[in-house]
Undergrad: 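Structure provided below as structure tokens; questions to follow.
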There are 2 protein chains.
Amino acid sequence: MNKPRPTGTTRIQREKREAIFEAALDVFSENGLRGATLDQIAARAGLSKPNVIYYFQGKEAIYTELLESLLDIWIAPLIELSDSDDPVEELLTYVRRKLDMSRDMPRQSRLFATEMIQNAPHINDVISGSLRDLVDEKARLIKGWMKAGKIAKSDPHHLIFSIWAVTQHYADFDVQVRAVLDGNDPFETAPDFVETLFRRMLTP
Amino acid sequence: MNKPRPTGTTRIQREKREAIFEAALDVFSENGLRGATLDQIAARAGLSKPNVIYYFQGKEAIYTELLESLLDIWIAPLIELSDSDDPVEELLTYVRRKLDMSRDMPRQSRLFATEMIQNAPHINDVISGSLRDLVDEKARLIKGWMKAGKIAKSDPHHLIFSIWAVTQHYADFDVQVRAVLDGNDPFETAPDFVETLFRRMLTP
DNA sequence: GCGGCACTTGACCATTTGGTCAAGAATTTT
DNA sequence: AAAATTCTTGACCAAATGGTCAAGTGCCGC
């Protein structure tokens, strides 16, 4: 019989599980699942290792639960992309929100990036399931705008990829970007550039 | 006194070191330095673990030597970007070469991506040294084209970032891209899109 | 074809790591 | 305030892992 695990009902459970998620986000986003250790997570959470195991089944369970709990937040901006009188602005708003997320949630971006680079074994079903459906739906929306002549024609899927790529690059490759910019804050100058890039791509 | 290590003079040394690099590229690009094990590398190289250690100082040495040996190849396309009568085509050639590299050398792309995500501790000096200088030099070249009215004005550094981001995305996020495209080969359709994106960005 | 040197590895070791467990400390319930 | 329950951890364990070493095996020049 499996030992029952706290699911987050009581005050202590919510707080401790939250602390573990927070620490795990740090550690996993820097080293990936294999590279991270329970000791690191426990130390950063300010708990003992057995105590961490008390709240989660194990290392992998922390990882998968963390990934899943972040997925919704991560996809939210795309979900909100919807029909509009001004599709260029609608898409640029999406771009800006994605860039904001790179600035404000770099660890989450890196966590997903690491998972993707390692072939996404833990979220494969999501990626080729609900995410694919979501992207397809938004691609149809974009296609409609193109057919109506409201934005310039191009491949909607690749358009979405390029938005992901450019915006997430500022989180995932932060060190490189900052090194090359030599101390200048990327997020001072990036928004203007990114907006220009996609405005030119989208304007008919 | 340090044990002398083979440096790659004899036939066997060249072959075995090459086999180890090849295996290490597989393993490190999937799991990062911490996540990879000597056993994995040895197994994929078809060697015993002590034999691997015979050719390299240790796991970290394999990693750093591999990274350094790949750096030149990785930066080569940018080095070749040079003054031209037709700057738009010159830059688009660079974009195409980068996209080709994502298609033909995805493991290398992922290796560097993982290193970057982990804050590039092993190539920090290169990034904030020779790479920064190289990018600065090319940024000045691009700036010149902009001032001469040959390409549209924008921030040259961010332009380079966006080229890196978009092209490498197809290697690093390959699983996601393929899942969303549902079996269609990304590299059938990506070149046209990417060329259009940057042509629109660059055409005055 | 043989002597020397490069190469190879089974056995081994110390450390790290994911995870268990029983017993004790807090907290909540009654 | 006692009982019941939840929470916490020191001590421990088995497996994995980076690395060593002495004893071979085999290649290469002579």
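Just so we're clear, the structure is a prediction, and the values are computed from it rather than from any experiment. A note on names: the letters A, B, ... follow the listed sequences, proteins ahead of strands, and every chain is numbered from 1.
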Undergrad: Under a 4.0 Å threshold between the charged nitrogen and the carboxylate oxygen, would A:Lys16 count as salt-bridged to A:Glu22?
TA: no
Undergrad: Only one of B:Ile53, B:Ile41, B:Ile20 passes side-chain contact (heavy atoms from CB on, under 4.5 Å) with B:Leu47; say which it is.
TA: B:Ile20
Undergrad: What is the distance, rounded to the nearest whole Å, between atom CG of A:Asn51 and atom C1' of D:dA11?
TA: 16 Å
Undergrad: C:dC7, OP1 or OP2 - any side-chain N/O from B:Tyr54 closer than 4.0 Å?
TA: yes
Undergrad: Give me the bend of the helix from C:dG1-D:dC30 to C:dT30-D:dA1, using the axes of the five pairs at each end, rounded to 10°.
TA: 30°
Undergrad: What is the distance from CG of B:Asn31 to P of D:dT17, rounded to the nearest Å?
TA: 10 Å
Undergrad: Cation over ring, B:Lys98 on B:Trp74, under 6.0 Å and within 45°?
TA: yes
Undergrad: Return the value, rounded to whole Å, for the distance between atom CD1 of B:Ile53 and atom P of D:dA22.
TA: 17 Å
Undergrad: Output the rounded distance in Å from CD (A:Glu60) to P (C:dG19).
TA: 8 Å
Undergrad: Send over the distance from A:Gln40 CD to C:dT16 P, rounded to a whole Å.
TA: 13 Å
Undergrad: B:Phe28 and ring-ring contact (aromatic ring centres under 6.0 Å, His included): which single residue from B:Phe112, B:Tyr63, B:Phe21 fits?
TA: B:Tyr63
Undergrad: Under 3.5 Å, is there an N or O donor on one side and an acceptor on the other linking the side chain of B:Lys59 and the base of D:dG19?
TA: no
Undergrad: Can you label the angle between the B:Phe161 ring and the A:Tyr170 ring as parallel, tilted or perpendicular, going by 30° and 60°?
TA: perpendicular
Undergrad: With a non-hydrogen cut-off below 4.0 angstrom, is A:Lys16 in contact with a base, only sugar-phosphate, or nothing?
TA: sugar-phosphate
Undergrad: Take A:Asp174 and A:Arg178 through the test salt bridge (Lys or Arg N to Asp or Glu O under 4.0 Å) and record every step on the way to the result.
TA: CA-CA 6 Å; A:Asp174 185 73; A:Arg178 284 181 196 274; 3.0 Å; yes
Undergrad: A:Lys49 has an atom NZ; how far is it from atom C1' of D:dC7, in whole Å?
TA: 19 Å
Undergrad: Closest approach to the side chain of A:Pro50, judged atom by atom: which nucleotide of D:dA11, D:dC7, D:dG18 is it?
TA: D:dA11
Undergrad: Could you tell me whether a side-chain N or O of B:Asn119 sits under 3.5 Å from a main-chain N or O of B:Pro121, the two making a donor and an acceptor?
TA: no
Undergrad: Which is true for A:Ala36 with a 4.0 Å heavy-atom rule: it touches a base, it touches only sugar-phosphate, or it touches nothing?
TA: sugar-phosphate
Undergrad: On the nucleotide C:dT16, are OP1 or OP2 found under 4.0 Å from the side-chain N or O atoms that A:Arg34 carries?
TA: no
Undergrad: Rounded to whole angstroms, how far apart are CG on B:Asp39 and C1' on D:dG18?
TA: 9 Å
Undergrad: Quick one: is D:dC7 close enough that its OP1 or OP2 comes under 4.0 Å of any side-chain N or O from A:Gln13?
TA: yes
Undergrad: In whole Å, what is the span from the CG atom of A:Leu38 to the P atom of D:dA16?
TA: 16 Å
